[in-house]
Visitor: 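Sharing a structure, written as structure tokens. Questions coming.
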Amino acid sequence: MKFKQITAYIVASALMFTSTAFAAVKEEVKEKPVYTYEQVLEKALKNSSDLSLLEQNLELMEKQNQSLVQSLGGIVHGEMTPELPPVTYPENLYTLLTSVNSMTTAMGAQKYQREALEKSLAYTVMTTMESITSSEEAIKLSEKQKSIYQAKYNKANLMERLGMVSANEKLAAKTELEKYEAALTQAKIGTENSYNGLARLMGMSKPEFEINYSVEYIPYKPVKDIAEYARIKNSTNPTIIMTKMNVENLRNSKTMSAASSSSPYSYDQTIYNISSAEAGLKALEDAGKAVIEGTYAGILSLEASIKELESNLEIAKKKLEATKTNFAQGRATRLELDEDGLNVKTLENTITSSKMKHAALVYSFENPCVTLGGSSSR
């Protein structure tokens with residue numbers, strides 16, 4: 001009786017220990033959070049050093065501007081504020097007025113700089129998540145491709161030993177296998193790098209998360225007049241607006257800039273600076289038009305490609321169904337069935353990836369500043 005009681009106690013204790021151990025292991029294994037595009041972008045915006053520095057710079061410029069205005073005794077843009085008594089103009093009046101004008105322009109440009117940075121960051125997050133999603137599907141596909149070419153190599157190896165194929169045919173099968181092994185390794189490295197990049201954008205030291213990214217594909221509405229569309233987009237492009245503001249400031253400060261210098265060629269230098277800035281603005285506007293026209297052509301080309309891929313997919317699916325029937329009747333091999341199934345999956349992946357690329361193209365078409373001027377997105 002005592003022996004039975006002791007045995008029961010030992011068994012119960014062992015079960016309790018095992019349950020506790022499993023519970024501990026279960027607690028230690030934490031599921032990785034899954035982030036959507038909106039969640040990643042929110043974290044990236046909060047972590048952006050560029051946006052943070054922009055805010056700090058604005059505060060600094062406001063203080064500097066106040067100091068300049070005080071140095072002028074209330075004179076701003078050559079006028080005396082009515083609430084202040086008349087003062088003697090400082091000797092460096094034109095230099096101070098030029099500085100005030102430049103500072104005012106720079107402060108006004110801050111909101112456009114912020115807009116450009118935020119849109120650039122959104123585009124970076126979008127394209128990075130598209131890259132990761134496409135790469136993850138490519139890895140799954142490459143693993144299936146590798147298994148098929150492994151089977152082909154095994155078959156060639158056996159047939160070569162039996163004298164049914166040449167050594168060259170066996171070598172060709174091995175080369176194909178190695179090609180897919182290398183592609184698989186490269187895809188894994190690329191995916192890891194993209195995850196690391198996304199983690200850095202969100203302020204994380206390592207990518208302890210997964211992503212869920214998908215898009216709704218809608219063919220873009222035709223643009224009747226691409227030249228007019230480009231003109232309108234250029235007029236609202238924050239990168240171009242900032243350049244225009246700089247040109248206007250140079251024009252408005254022409255006299256004061258020349259007067260503030262002791263050089264006999266100061267006026268000529270000022271005129272040259274204005275001409276140079278105007279030429280830069282014209283080049284930027286032309287580049288903006290070219291970017292918009294090129295992006296629109298890319299959208300139309302990609303949509304045509306997607307349409308063709310979808311047609312090819314329907315043909316591939318019909319072929320797969322036929323192969324399934326033949327396989328069931330013993331008229332097709334497992335390898336043929338796997339290859340046809342892989343072809344369908346390859347086309348599906350390509351279509352999905354193309355649709356995500358289409359979404360990024362549309363975003364850059366509607367927000368051309370993300371591909372014009374190279375705004376950083378740290």
Side-chain angles (χ1 to χ4, degrees), residues 29 32 34 127-198 206-214 302 304-358:
V29 179
K32 291 182 178 180
V34 179
T127 52
T128 304
M129 293 184 76
E130 178 271 317
S131 176
I132 290 173
T133 304
S134 296
S135 294
E136 286 179 331
E137 291 303 315
I139 288 171
K140 295 175 186 176
L141 199 59
S142 293
E143 287 172 342
K144 291 180 181 179
Q145 288 171 325
K146 179 187 170 184
S147 65
I148 287 176
Y149 281 93
Q150 181 69 61
K152 283 187 173 183
Y153 171 69
N154 293 343
K155 181 181 177 181
N157 188 38
L158 175 61
M159 292 178 73
E160 191 263 344
R161 284 161 51 192
L162 295 173
M164 299 174 68
V165 298
S166 67
N168 286 339
E169 289 176 283
K170 172 188 170 182
L171 180 60
K174 183 181 180 182
T175 301
E176 283 294 308
L177 173 60
E178 290 173 345
K179 182 178 76 173
Y180 281 100
E181 286 176 336
L184 180 59
T185 301
Q186 194 64 34
K188 288 180 178 179
I189 292 172
T191 304
E192 183 180 352
N193 290 341
S194 295
Y195 260 115
N196 287 332
L198 203 61
K206 51 186 177 179
E208 296 180 331
F209 60 89
E210 294 177 351
I211 64 168
N212 177 21
Y213 181 68
S214 61
L302 191 55
S305 176
I306 290 171
K307 192 173 182 179
E308 182 180 355
L309 285 167
E310 288 175 335
S311 296
N312 292 339
L313 177 61
E314 291 306 310
I315 295 171
K317 284 181 176 179
K318 290 177 182 178
K319 188 174 184 295
L320 176 60
E321 289 304 314
T323 304
K324 284 181 179 179
T325 301
N326 290 335
F327 178 74
Q329 296 174 354
R331 293 183 296 175
T333 65
R334 166 60 67 178
L335 190 58
E336 290 173 328
L337 180 62
D338 288 344
E339 284 183 319
D340 286 350
L342 187 61
N343 187 37
V344 168
K345 185 60 179 174
T346 299
L347 286 167
E348 288 175 340
N349 283 3
T350 304
I351 290 169
T352 300
S353 179
S354 296
K355 288 179 177 180
M356 288 189 288
K357 285 181 170 61
H358 180 271

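The basis for the numbers below is simple: all heavy atoms, side chains too, and nothing from hydrogens, waters or symmetry mates.
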Visitor: Supply the atom-to-atom distance E137 CD to K345 NZ, rounded to the nearest 0.5 angstrom.
Guide: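 The CD atom of E137 sits 5.0 Å away from the NZ atom of K345.
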
Visitor: Is a side-chain donor-acceptor pair under 3.5 Å present for T325 with Q329?
Guide: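 There is no such pair between these side chains.
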
Visitor: Drop me the distance from L335's CG to S147's OG, to the nearest 0.5 angstrom.
Guide: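 These two atoms lie 9.5 Å from each other.
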
Visitor: Applying side-chain hydrogen bond (donor to acceptor under 3.5 Å, both in side chains), which residue pairs with at least one partner in residues 304-316 are found, sequence neighbours left out?
Guide: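 Pairs touching residues 304-316 that pass the test: E310-K355.
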
Visitor: Please collect all salt bridge (Lys or Arg N to Asp or Glu O under 4.0 Å) contacts where either partner lies in residues 325-338, sequence neighbours excluded, each pair once.
Guide: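 Non-adjacent pairs meeting salt bridge (Lys or Arg N to Asp or Glu O under 4.0 Å): R334-D338.
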
Visitor: Using the side chain to side chain contact (heavy atoms under 4.5 Å, CB included) criterion, which residues pair with S354? Sequence neighbours excluded.
Guide: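 L302, I306, L309, T350.
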
Visitor: Return the set of residues passing side chain to side chain contact (heavy atoms under 4.5 Å, CB included) with E321 (not counting sequence neighbours), or none when no residue passes.
Guide: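 So E321 forms a side chain to side chain contact (heavy atoms under 4.5 Å, CB included) with K324.
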
Visitor: I need the minimum non-hydrogen distance between K319 and D340, along with the two atoms involved.
Guide: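 That closest heavy-atom pairing would be NZ-OD1, 2.9 Å.
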
Visitor: Among residues at least two apart in sequence or on other chains, which ones pass salt bridge (charged side-chain N to carboxylate O under 4.0 Å, His left out) with K144?
Guide: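 If we apply the salt bridge (charged side-chain N to carboxylate O under 4.0 Å, His left out) test to K144, skipping adjacent residues, there are no hits.
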
Visitor: So, using salt bridge (charged side-chain N to carboxylate O under 4.0 Å, His left out) as the criterion, who are the partners of K179 when residues are at least two apart?
Guide: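 Per chain and number, K179 pairs via salt bridge (charged side-chain N to carboxylate O under 4.0 Å, His left out) with E176.
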
Visitor: Any donor-acceptor pair under 3.5 Å linking the side chain of S142 with the backbone of A138?
Guide: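 Present.
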
Visitor: With K32, which residues qualify under salt bridge (charged side-chain N to carboxylate O under 4.0 Å, His left out), at least two apart?
Guide: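 Checked K32 against salt bridge (charged side-chain N to carboxylate O under 4.0 Å, His left out); zero matches.
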
Visitor: When rounded to the nearest 0.5 angstrom, what is the spacing between CD in Q145 and OG1 in T346?
Guide: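 Reported to 0.5 Å precision, the distance equals 5.0 Å.
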
Visitor: Holding to ring-ring contact (aromatic ring centres under 6.0 Å, His included), I want the full list of residues that pass it with Y213, two or more places apart in sequence or in another chain.
Guide: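 For Y213 there are no ring-ring contact (aromatic ring centres under 6.0 Å, His included) partners, ignoring immediate neighbours.
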
Visitor: OG/S214 to CD/E130 distance, rounded to the nearest 0.5 angstrom?
Guide: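 Nearest 0.5 Å value for the OG-CD distance: 12.5 Å.
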
Visitor: If every non-hydrogen atom of S194 is compared with every non-hydrogen atom of I132, which pair is closest and at what distance?
Guide: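 Minimum heavy-atom separation between S194 and I132: CB-CG1, 3.3 Å.
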
Visitor: Would you be so kind as to tabulate the donor-acceptor pairs closer than 3.5 Å made by side chains of residues 152-160, with sequence neighbours excluded?
Guide:
from : atom 1 : to   : atom 2 : distance (Å)
K152 : NZ     : E339 : OE2    : 2.5
N154 : OD1    : Q150 : NE2    : 3.1
N154 : ND2    : Q150 : O      : 3.3
N157 : OD1    : K170 : NZ     : 3.0

Visitor: Start with the C-alpha distance between I211 and V34, add both sets of side-chain angles, then the distance that settles side chain to side chain contact (heavy atoms under 4.5 Å, CB included), and finish with yes or no.
Guide: CA-CA 5 Å; I211 64 168; V34 179; 5.8 Å; no

Visitor: For residues 161-198, pull every pair meeting ring pair (Phe, Tyr, Trp, His ring centres under 6.0 Å), keeping only residues two or more places apart or in separate chains.
Guide: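 Applying ring pair (Phe, Tyr, Trp, His ring centres under 6.0 Å) to every pair that reaches into residues 161-198, excluding sequence neighbours, yields Y149-Y180, Y195-F209.
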
Visitor: To the closest 0.5 Å, what do you measure between NZ (K357) and OG1 (T352)?
Guide: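 OG1 of T352 is found 11.0 Å from NZ of K357.
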
Visitor: Nearest heavy-atom pair of L337 and F327: which atoms, and what distance?
Guide: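 Where L337 meets F327 most closely, the heavy atoms are CD2-CD2, 3.8 Å.
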
Visitor: For K174, give me all partners under salt bridge (charged side-chain N to carboxylate O under 4.0 Å, His left out), at least two apart in sequence or on another chain.
Guide: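 If we apply the salt bridge (charged side-chain N to carboxylate O under 4.0 Å, His left out) test to K174, skipping adjacent residues, there are no hits.
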
Visitor: Anything under 3.5 Å between a donor and an acceptor, one on a side chain of residues 183-192, the other on a protein residue two or more places apart or in another chain? List them.
Guide:
from : atom 1 : to   : atom 2 : distance (Å)
T185 : OG1    : E181 : O      : 3.1
T191 : OG1    : A187 : O      : 2.8

